[in-house]
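What you see is a predicted model, and the numbers here were worked out from it, not measured in a lab. In what follows, every heavy atom counts, from backbone to side chain, and hydrogens, waters and symmetry copies are set aside.
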Protein chains: 2
Amino acid sequence: MTSRLEALCMEKGLKMTGQRRVISQVLSEADDHPDVEEVHRRAVQIDPRISIATVYRTMRLLEDAQVIERVDLGDGRARYEEATADHHHHLIDTRTGRIIEFASPELEAMKERIAHELGYKIVGHRLEIYGVPLDDAADGIRDEEERP
Amino acid sequence: MTSRLEALCMEKGLKMTGQRRVISQVLSEADDHPDVEEVHRRAVQIDPRISIATVYRTMRLLEDAQVIERVDLGDGRARYEEATADHHHHLIDTRTGRIIEFASPELEAMKERIAHELGYKIVGHRLEIYGVPLDDAADGIRDEEERP
DNA sequence: TCTGGGATTGCGAACGGTTTTCAGTATGAT
DNA sequence: ATCATACTGAAAACCGTTCGCAATCCCAGA
């Protein structure tokens, strides 16, 4: 069966090898923001003869082809998500690591305005919010402070 | 002569060694966002017997003491600036690497509101805008696309 | 002012994520 | 089916950063 990403890759004229097919499948099925090691872990479950090097190479390939997007969440490793048309950002739960996506047109507009006032045209941007659940915070549950 | 950061360090009760004094001076005089290597480069010019390891250690020390702040601009290395009371963000000129600081109370408020709507209390956040000068963009000068 | 001992330093080795090299393998245009 | 080409696996190289260890420094107390 052809995964969504695989179709996208063929559309872009990429050579479809077995490992690319598997990685595409893994990424199509993912609804989180896996890092390379995690993608590899999942890929190996489908076909054990996929090396981590190939995963790295394929992620870069897919990124360059704009099929996926790299997300830098400041934890020292690259995470990925499927490329989407609309801009969105991430709220990271520092307690659990859960990542919540959100979009805000007003925020986009404001950002655009700020850049313009500074004499710049935006070519990229990123916003991350680190937070803790309101109710937990109220409970006064201790937050083992990571460096955000 | 005692640099501004050196005074701050003594206030915090840190043991003032020769190399810490030099690094404090370098940071006090910096008005940009140097990475560790750059700080080392400048420190060595004042006293050649400072190792890069010590710079790494001192930067972390000063960061923990909230004397300086780490800035992750997504270029794979840590950059630093003096700690300030007010939150601000960075606009990075992708053409030149120049970093422009800006603050926006409205933006802060909006961010706060978004987090609250998602049920979170903010413990940290970061916003970076990558852009090119408006006039350059208008001229149609080619932008050698880095991965932002 | 001199001293003792814990903190700090320099060096090089180790580390974790990522990229590259290279020889062997698979792909898909013919 | 064939063949040039692109791709792959394994291991080494890389790069920013941290760590282990012996030597050194700082400074409170004498």
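When the nucleotides dG10(C), dT20(C), dC7(D) are ranked by their closest atom to the side chain of Ala53(A), dT20(C) comes out on top. When distances are taken from the side chain of Ser51(A) to each of dG9(D), dT17(D), dG17(C), the shortest belongs to dG9(D). Of the candidate nucleotides dG28(C), dG17(C), dG10(C), dG28(C) has the atom lying nearest to any side-chain atom of Met16(A). Listed nucleotides: dG28(C), dC27(D), dT8(D). Nearest to the side chain of Thr54(A): dT8(D). Closest contact between the side chain of Tyr56(B) and the listed nucleotides dC27(D), dA6(D), dG16(D) involves dG16(D).
Side-chain atoms of Arg21(A) stay outside donor-acceptor range of the base of dT27(C), with no qualifying N/O pair under 3.5 Å.
Phosphate proximity of dT8(D) to Thr17(A): present, with a side-chain N or O under 4.0 Å from OP1 or OP2. Residue Gln19(B) places at least one side-chain N or O closer than 4.0 Å to OP1 or OP2 of dG10(C).
Rounding to whole angstrom units, CZ of residue Arg49(B) and P of dT8(C) are separated by 18 Å. Spacing between atom CG of Asp64(B) and atom P of dA7(C) amounts to 16 Å, rounded to whole angstrom units. Rounding to whole angstrom units, CE of residue Met59(A) and C1' of dT19(C) are separated by 15 Å. Whole-Å rounding puts the Glu37(A) CD to dC15(C) P distance at 15 Å. Distance Glu38(A) CD to dG16(C) P: 18 Å, rounded to the nearest Å. When the C1' atom of dT19(C) is taken as reference, atom CD of Glu63(A) falls 14 Å away, rounded to whole Å. Nucleotide dG16(D) holds its C1' atom 15 Å from the CZ atom of Arg57(B), rounded to whole Å. Going from atom CG of Leu73(B) over to atom P of dG16(D) covers 15 Å, rounded to whole Å.
Residues Glu81(B) and His33(B) have side chains that bring a donor and an acceptor to within less than 3.5 angstrom of each other. In summary, the side chains of His89(A) and Glu108(A) do present a donor paired with an acceptor at a separation below 3.5 Å, with no hydrogens or angles considered.
Summary of the strand contacts: Ile52(A) and Ala78(B) both lie near DNA chain D, and taking for each the nucleotide with the nearest heavy atom, the more 5' one is attributed to Ile52(A). Between Arg77(A) and Ile50(B), the residue whose closest nucleotide on DNA chain C is further toward the 5' end is Ile50(B).
Hydrophobic clustering, with ILVMFWY side chains joined whenever heavy atoms are under 4.5 angstrom apart, keeps Tyr130(A) apart from Leu118(B). Two different hydrophobic clusters hold Val123(A) and Leu91(B) under the rule that ILVMFWY side chains link at heavy-atom gaps under 4.5 Å.
Residue-environment remark: CE (Met110(A)) exceeds the threshold of 12 foreign heavy atoms within 6.0 Å.
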